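Right, one structure below, let's go through it.
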Amino acid sequence: MLDLARLRDDPEGVRKALARKGAQHAKALEPLLEADTRRRGALGRLEALRHEKRTISESFAKADPAAKEAARAKSKSLDEEIKHLEEAVRGIDEEIETQALILPNTPHAQVPDGTDAAGNVEVRQWGKKPAFAFAPKAHWDLGEALGILDNARGVKIAGSGFPLYTGWGARLERALLNFMLDLHVKEQAYIEVFPPFLANRDTMRTTGQVPKFEEDMYRLEKDGLYLIPTAEAPLTSIHRDEILDEASLPKRYTAYSACFRRESGAAGKDTRGIQRVHQFNKTELMTYAHPDKSYEELERLTNDAEEVLKRLGLHYRVVRLCAGDMGFSAAMTYDLEVWAPGVGRYLEVSSCSNFEDFQARRGAIRFKDGGKGKPRLVHTLNGSGTATPRLFIALTETHQQADGSILIPEPLRPYLGTDRITP
RNA sequence: GGAGGGGUGGCAGAGCGGUCUAAUGCGCCGGUCUUGAAAACCGGUGGAGCCGCAAGGCUCCCGGGGGUUCGAAUCCCUCCCCCUCCGCCA
């Protein structure tokens, strides 16, 4: 959520910034500002009435009987006005919240203009596209030939988009996750947590999935819970409604989680194999940062995610997303795109973002600056470190051999227990 | 799922209809004393919102919501959470 005070102080600046994310957002500003003005007017009157009522009851005990009767009557009549105004303020508050919660974050000044992926800017590359003396297969063919991926039976169990990894495929999945977590925990000093995979509405509102993207999630109507689309949600709510010690920042967390996404509207779009699925595994990196240092942290976090790809010998590129291609809550985002030679495309395996205080405001995540004064909002950041389906794709497609086997990169061997997956 | 107990300031814990601007202790911060530290003593120490250039003022918050009352941390209803016991169970 954006700071309402900022909207009041600099409506033009906010309007322009929002327009960079999409012209429609800028229009939402006017009614919001109008409601804010109405709210403050009503609130001022309400508080004056409450003050009057309070004063009456405070002097009640020592008033004489006649004055008591008058006080009772006056207080009663104030009640009606107060109740009326309270309802009005509550109504306006809801109005404001409804509108404010669907406004996206504003992009950082250094985020390039653009309306879609075409506007993204490549920042760097690592490695290069592998050369093959044969035609590299796509992972769906490799998966079938090696018996590590069984899409047909996944469909039988749950439906399309719910991959069934089998044999070495299942072990590869597990090995990748352990490899990544160990890297994040032992070498990069993130605190490992194992979060719930279901989360409530407050949790989802904090990170920005609710209310605007409710339809993108699987929901358990009866329990008021959502299947998490990313561990970002539970990780960011660890410290929701808390005031942290300044000295404890940055707080860096990592977690494995299964992730669930409806991906409705994406049917048929890059869905072959396991490029886009409803359930997948991912390790997540998440930081609660001091607001003055969050952009340094974004670089660090991005590098930490990249390290996974480097160690697995996978060619990738880092792109800075343009304003129009960024997610709802982000102020700046780097995407990591790994090269998949079988499908012949770069695939997004990680999205590393600084949300600045956007999520922190929604979740009231603060810290005491210098130990005194008003608490300040922290900045939150996160990035996948990384998501397995596309990592699985890149790994199998990149390291496939002429004989149809997959050569396992050195760092992963102790986790997988073999140096090669063969048919 | 059933029965009982309980949710108060960073923590412990009192309060059970007006004096609560929530006792007291601990913690923390500042000061006095001291070569320094400790101890002792003195003072301070939550959050949100609104008004104000500021100083400051006002409103709300004792798990959430609603009610009774001139007045609620205190009484009533309801929901959530925690603990104990029982049931079920990976």
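All chains are named by letter (A, B, ...) in the order of the sequence lines, taking the proteins before the strands, and each is independently numbered beginning at 1. Worth saying up front: this structure is predicted, and the values here are computed from it rather than measured.
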Run the salt-bridge test on [X] and [Y] with the 4.0 Å N-O cut-off and return the result as yes or no.
{"X": "A:Lys282", "Y": "A:Glu232", "value": "no"}
{"X": "A:Arg376", "Y": "A:Glu246", "value": "no"}
{"X": "A:Arg345", "Y": "A:Glu337", "value": "no"}
{"X": "A:Asp93", "Y": "A:Arg90", "value": "no"}
{"X": "A:Arg311", "Y": "A:Glu187", "value": "yes"}
{"X": "A:Glu87", "Y": "A:Lys83", "value": "no"}
{"X": "A:Lys293", "Y": "A:Glu296", "value": "no"}

Nearest-Å distance, [atom1] ([X]) to [atom2] ([N])?
{"X": "A:Arg90", "N": "B:A48", "atom1": "CZ", "atom2": "P", "answer": "22 Å"}
{"X": "A:Ile96", "N": "B:C50", "atom1": "CD1", "atom2": "P", "answer": "9 Å"}
{"X": "A:Asp241", "N": "B:C61", "atom1": "CG", "atom2": "P", "answer": "18 Å"}
{"X": "A:Arg38", "N": "B:C50", "atom1": "CZ", "atom2": "C1'", "answer": "17 Å"}
{"X": "A:Arg201", "N": "B:C79", "atom1": "CZ", "atom2": "P", "answer": "21 Å"}
{"X": "A:Arg240", "N": "B:C81", "atom1": "CZ", "atom2": "P", "answer": "14 Å"}
{"X": "A:Arg72", "N": "B:U69", "atom1": "CZ", "atom2": "P", "answer": "11 Å"}
{"X": "A:Lys74", "N": "B:G71", "atom1": "NZ", "atom2": "C1'", "answer": "17 Å"}

In dot-bracket, 5' to 3', how would RNA chain B read with Watson-Crick or G-U wobble pairs under 3.5 Å, [ ] for crossing ones and | for pairs to another strand?
((((((((.[[[..)..(.....]]]((((((.......))))))((((((....)))))).[[[[[..)....]]]]])))))))....
So for atom [atom1], which belongs to [X], do other residues, nucleotides or ligands contribute more than 12 heavy atoms lying within a distance under 6.0 Å?
{"X": "A:Gln24", "atom1": "CD", "value": "yes"}
{"X": "A:Glu144", "atom1": "CD", "value": "no"}
{"X": "A:Arg153", "atom1": "CZ", "value": "no"}

Considering only atom [atom1], compute the distance from [N] to [M] and round it to an integer number of Å.
{"N": "B:U78", "M": "B:A22", "atom1": "P", "value": "31 Å"}
{"N": "B:A48", "M": "B:C16", "atom1": "P", "value": "31 Å"}
{"N": "B:C76", "M": "B:A55", "atom1": "C1'", "value": "45 Å"}
{"N": "B:G31", "M": "B:G36", "atom1": "P", "value": "13 Å"}
{"N": "B:A72", "M": "B:G18", "atom1": "C1'", "value": "10 Å"}
{"N": "B:G10", "M": "B:C28", "atom1": "P", "value": "16 Å"}
{"N": "B:U45", "M": "B:U24", "atom1": "C1'", "value": "16 Å"}
{"N": "B:G46", "M": "B:G9", "atom1": "P", "value": "14 Å"}

Distance check: side-chain N/O of A:Lys374 vs OP1/OP2 of B:A48, anything under 4.0 Å?
yes
Below 4.0 Å: OP1/OP2 of B:C50 and any side-chain N or O of A:Arg8
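Indeed, a polar side-chain atom of A:Arg8 lies that close.
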From the candidates B:G67, B:C50, B:G71, the one with an atom nearest any side-chain atom of A:Arg40 is B:C50
Nucleotide nearest A:Arg39 (side chain, heavy atoms from C-beta), chosen from B:G49, B:G46, B:A48:
B:G49
Answer with yes or no after comparing the ring centroid distance for [X] and [Y] against a 6.0 Å cut-off, counting only values under it.
{"X": "A:His379", "Y": "A:Tyr295", "result": "no"}
{"X": "A:His290", "Y": "A:Phe367", "result": "yes"}
{"X": "A:Phe392", "Y": "A:His139", "result": "no"}
{"X": "A:Phe260", "Y": "A:Tyr226", "result": "no"}

Please classify the nucleic acid contact of [X] as base, sugar-phosphate, or nothing, using heavy-atom distances under 4.0 Å.
{"X": "A:Leu43", "value": "sugar-phosphate"}
{"X": "A:Ser75", "value": "sugar-phosphate"}
{"X": "A:Arg366", "value": "sugar-phosphate"}
{"X": "A:Lys53", "value": "sugar-phosphate"}

When you compare the protein's N or O atoms with those of nucleotides 58-60 of chain B, which come within less than 3.5 Å of each other, and at what distance?
{"unit_1": "B:C58", "atom_1": "O3'", "unit_2": "A:His51", "atom_2": "ND1", "d": "2.9"}
{"unit_1": "B:U59", "atom_1": "OP1", "unit_2": "A:His51", "atom_2": "ND1", "d": "2.7"}
{"unit_1": "B:U59", "atom_1": "O2'", "unit_2": "A:Arg50", "atom_2": "NE", "d": "3.0"}
{"unit_1": "B:U59", "atom_1": "O2'", "unit_2": "A:Arg50", "atom_2": "NH2", "d": "3.0"}
{"unit_1": "B:C60", "atom_1": "OP2", "unit_2": "A:Arg54", "atom_2": "NH1", "d": "3.2"}

Quick check on RNA chain B: between A:Gly44 and A:Ile56, whose nearest nucleotide comes earlier from the 5' end?
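Between the two, 5'-proximity favours A:Gly44.
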Which pairs, protein N/O on one side and nucleotides 9-12 of chain B N/O on the other, fall under 3.5 Å?
none

